[in-house]
Every structure is written in structure tokens, then in C-alpha cells.
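FYI, side chains are in, hydrogens and waters are out, and symmetry mates aren't considered; it's all heavy atoms of this structure.
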Amino acid sequence: FPKEYQTKKICDSLILSEKNCRMHRRRVSLNFGTGLESDVAGEERRYALVTGASQGLGRCYALELARCGIDTVLVSLPDSGLNEVVIESRRLGVRCIPFEIDLCDEEALSVLCRDVNAGYPLFMLINNAGTGGTRRFASCTSDYLDRILHLNVSVPTLLTFYLLPNLQRAPEAFILNVASMAAFSPTGFKTVYPATKRFVLQFSLGLREELRGAKIAVSVVTPGPMKTNGEVTGRIERQKFFGRLGLLSPEKVARISLRGLLRRKAVILPGWSNRINGLLLLLIPIFIRIRLMSRVVARELDVPPVPTR
């Protein structure tokens, strides 16, 4: 792992065009490498691990890292399209290692971490995998609630815990946790999802403080709405005007958040509209905030809005 490692080089590459990024890759790979072998004798190359990498924002993280010459370990559900991302990443000239597992399976998660720690030195962890939805709480199933809690809370916590010793061996390392603008307000008809994303936000900031001075930067990104798949797109469109507030493509969110991570920002709010929304959510009294947010989200269910009193 080269001693002249500089995060600025890869950070700068994130603002280049794709054409320039391809031209720049050879210089970047001197810092981050493209495999387990090393360009410099005695120095190992390191990987970035991305969860939920087959679709949506996770796919964009994987491909953005590949364009910048960074080797990746990609994790996603079986039969979710991960192979296509791996092929595209390898075409960009990097080594890409796929793991198809259900992260909610605790035994599978433990095996994943054991295999990664044994064979793939890391310098970056992106906890992107997550799930949510819009339902009346009383109509949820226990499996539905358990999956949200497990994937959004337990999985990033345990992955970070198991992989932290691996990251600590790098000269410099980065952890990016994906929360949501939902972390800034409780919301009816989602109920559990904002609470889990609030956990991700608080967990990230607490861990960042613990690791201060340890050469590991911890950041959390709080994206607004993104059209990551057909089901999510439908829910956003049913919110009409409010669903488009802060709307960004997952490609843009990936670039912004990776740039913020490498600049060691604590909380990354992608886009000016999300920064304004975040400020407003902090300033508006919580009882007003909950009512407003719940009325907007209720449109996703095609139910009558909660009456004001």
C-alpha cells in the first residue's frame, strides 16, 4: 500500500468527467491499487466494500469507485443483478469481488466478515444496504418490521464491528453510513424507518468521535428522495410536488457523498435543497413537523390525510 497515498487524488477524480477519469485511473491506481498484489514491493493493495451494491445507490457507489481505479468487494442479495455490476466494474479495469448473501442471515454475515478479513484488506466500508416502505403500523407483519430493524440497524452495526480491525490496519480508512433525510423527523405511515435512520445518524457521529485521531474517518450521508427502482419511483410520484423536493439521481448522490467522505465531512447533505430542508426540519417545532410530514407520506398509501386540529 503506497506510502504516498493521498485522498486528494481520488477526491479530485470524482469531479472529473468519465473520459478524464479513465485517463486519470492509472495515476489513481498507484495509490489505491487494482488487486491483492502490490505495485510496490511489500505493500498490499486495499479494497472498498459496498453493501446493497446490485441496484440503486449501491450500484452507483460501486461504479463510481471503479471509474476511479478502486478495487471493490461488492455485497448484495442473490439473484439481484450483482453480476452485471461486477462485469461493468471489471471492464473499467479494477478487481471486483462479489458476495451474494442475505445480510439479515447472521451466520452468513459472520462468514462474509471472516472471509473478507482473511483475504481482502480494506480501506473503505460503505454501509449502504437498507430497506423501508410506507404502511400503516397496524397492518405491518412482524417479518416486515424485523427486516427493517435488522437491515437498517443491526447489519451496519455488526459489519462495522467485525470489519473495524481490518480497516484499522490501513494507513488511512473511511466508513460511510447511508441514513436519510427521514432521520430528521418522525413520520406517520413510515414510523419504523425514520427511527432506524435516526439510529444510523447517531451511531455514525458517536463512532466518529470514538475514532477521532485513529486515522479512520466516519461520515454519514442523508439523501433525500431518489428514484432507485420502480416501487420507490411510484411512491415519490404519489407525493407530487413534495416528493420532488430534494430529488437527486443516485449517481449524483454517490459522487457527492464519496467526495464528502474523502474530505472527512461528518454529515453529508447532498444538494442545496436538502441542506435547506434539513435546516427547516431542525427549526420547525416537532409537533408541526410530524403532522406535515405524515400528511405528505399518506399520499403514498392513497389514504385520506390526517386531519389538522
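Both L49 and L109 belong to a common hydrophobic cluster when Ile, Leu, Val, Met, Phe, Trp and Tyr are linked at side-chain heavy-atom distances under 4.5 angstrom. In terms of hydrophobic clustering, with Ile, Leu, Val, Met, Phe, Trp and Tyr side chains grouped at heavy-atom distances under 4.5 Å, L283 and I286 are assigned to different clusters. F199 is connected to L103 through a chain of hydrophobic side-chain contacts under 4.5 Å among Ile, Leu, Val, Met, Phe, Trp and Tyr, so both are in one cluster. Linking Ile, Leu, Val, Met, Phe, Trp and Tyr whenever their side-chain heavy atoms come within less than 4.5 Å leaves I87 and Y47 in two separate clusters. Grouping the Ile, Leu, Val, Met, Phe, Trp and Tyr side chains by contacts below 4.5 angstrom, directly or via other members, places L77 apart from V85.
Between the CG atom of L262 and the CE atom of M124 there is a distance of 4.5 Å, given to the nearest 0.5 Å. One distance of note links CZ of F189 with OG of S294; it measures 6.5 Å at 0.5 Å rounding. Here CZ of R259 is found 10.0 Å from CD1 of I268. Values are rounded to the nearest 0.5 Å. Between the CD1 atom of I148 and the SG atom of C140 there is a distance of 6.5 Å, given to the nearest 0.5 Å. Taken from CZ in F99 to CG in L74, the straight-line distance is 10.0 Å, to the nearest 0.5 Å. A distance of 11.0 Å separates CG of L92 from CG of L65, quoted to the nearest 0.5 Å.
Between P223 and V221, the closest heavy-atom pair is CD-O, 3.3 Å. Of all non-hydrogen atoms in P194 and A182, the two that sit nearest each other are CB-O, 3.4 Å. Nearest approach of S76 to S54, heavy atoms of both residues: OG-OG, 2.7 Å. Heavy atoms only, all atoms of each residue included: S219 and R208 are closest at OG-NH1, 4.2 Å. The heavy-atom pair separating P171 from K215 by the smallest distance is O-CD, 3.2 Å. Heavy atoms only, all atoms of each residue included: R90 and C96 are closest at NH2-O, 2.6 Å.
With hydrogens and angles ignored, the 3.5 Å screen pairs a side-chain donor or acceptor of N152 with a backbone N or O of T131. The closest donor-acceptor contact from the side chain of T222 to the backbone of A179 lies at 3.5 Å or more, if one exists at all. Although no hydrogens or angles enter the test, the distance criterion places a donor-acceptor pair under 3.5 Å between the side chain of K197 and the main chain of V178. Within the 3.5 Å criterion, the main-chain N or O of G81 finds no donor-acceptor partner in the side chain of Q55. With hydrogens and angles ignored, the 3.5 Å screen pairs a side-chain donor or acceptor of N128 with a backbone N or O of T51. Judged purely by atom type and a 3.5 angstrom limit, R198 uses its side chain to pair as donor or acceptor with the backbone of A183. With hydrogens and angles disregarded, no donor-acceptor distance shorter than 3.5 Å links the side chain of T191 to the backbone of G188. The closest donor-acceptor contact from the side chain of S110 to the backbone of E106 lies at 3.5 Å or more, if one exists at all. For the pair N177 (side chain) and V200 (backbone), a donor-acceptor distance under 3.5 Å is absent. Put simply, the side chain of N117 gets close to the backbone of C113: a donor and an acceptor are under 3.5 Å apart.
Annotation: Y144, atom OH; neighbour count of heavy atoms from other residues, nucleotides and ligands within 6.0 Å is above 12.
Looking at heavy atoms from C-beta onward, N127 lies out of side-chain contact with V155 at the 4.5 angstrom threshold. Within the 4.5 Å cutoff, side-chain heavy atoms of C104 are placed close to those of R147. With a 4.5 Å cut-off on side-chain heavy atoms, V116 and I97 do not count as touching. Taking the side chain as every heavy atom from C-beta outward, L112 and L159 approach each other to under 4.5 Å.
The side chain to side chain contact (heavy atoms under 4.5 Å, CB included) with L207 is formed by just one residue from the set I216, T157, V220, V218; it is V218.
A salt bridge does not link R46 to E172: none of the charged side-chain nitrogens sits closer than 4.0 Å to a carboxylate oxygen. Using a 4.0 Å cut-off between charged nitrogen and carboxylate oxygen, R212 and E209 count as a salt-bridge pair. A salt bridge between R59 and E84 is absent, with no side-chain N of the basic residue lying under 4.0 Å from a carboxylate O of the acidic one.
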Between I70 and F123, does a side-chain contact (heavy atoms from CB on, under 4.5 Å) hold up when you go through it step by step? CA-CA 10 Å; I70 301 175; F123 81 97; 3.7 Å; yes
Could you go step by step and tell me if L145 and F137 meet the side-chain contact (heavy atoms from CB on, under 4.5 Å) rule? CA-CA 9 Å; L145 295 173; F137 184 74; 4.0 Å; yes
Apply side-chain contact (heavy atoms from CB on, under 4.5 Å) to the pair L163 and I175, showing each step before the final yes or no. CA-CA 10 Å; L163 298 177; I175 298 172; over 6 Å; no
Run L63 and R67 through side-chain contact (heavy atoms from CB on, under 4.5 Å) and show every step you take. CA-CA 6 Å; L63 296 179; R67 289 187 190 102; 3.9 Å; yes
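For the residue pair Y61/T72, the side-chain donor-acceptor check at 3.5 Å is not satisfied.
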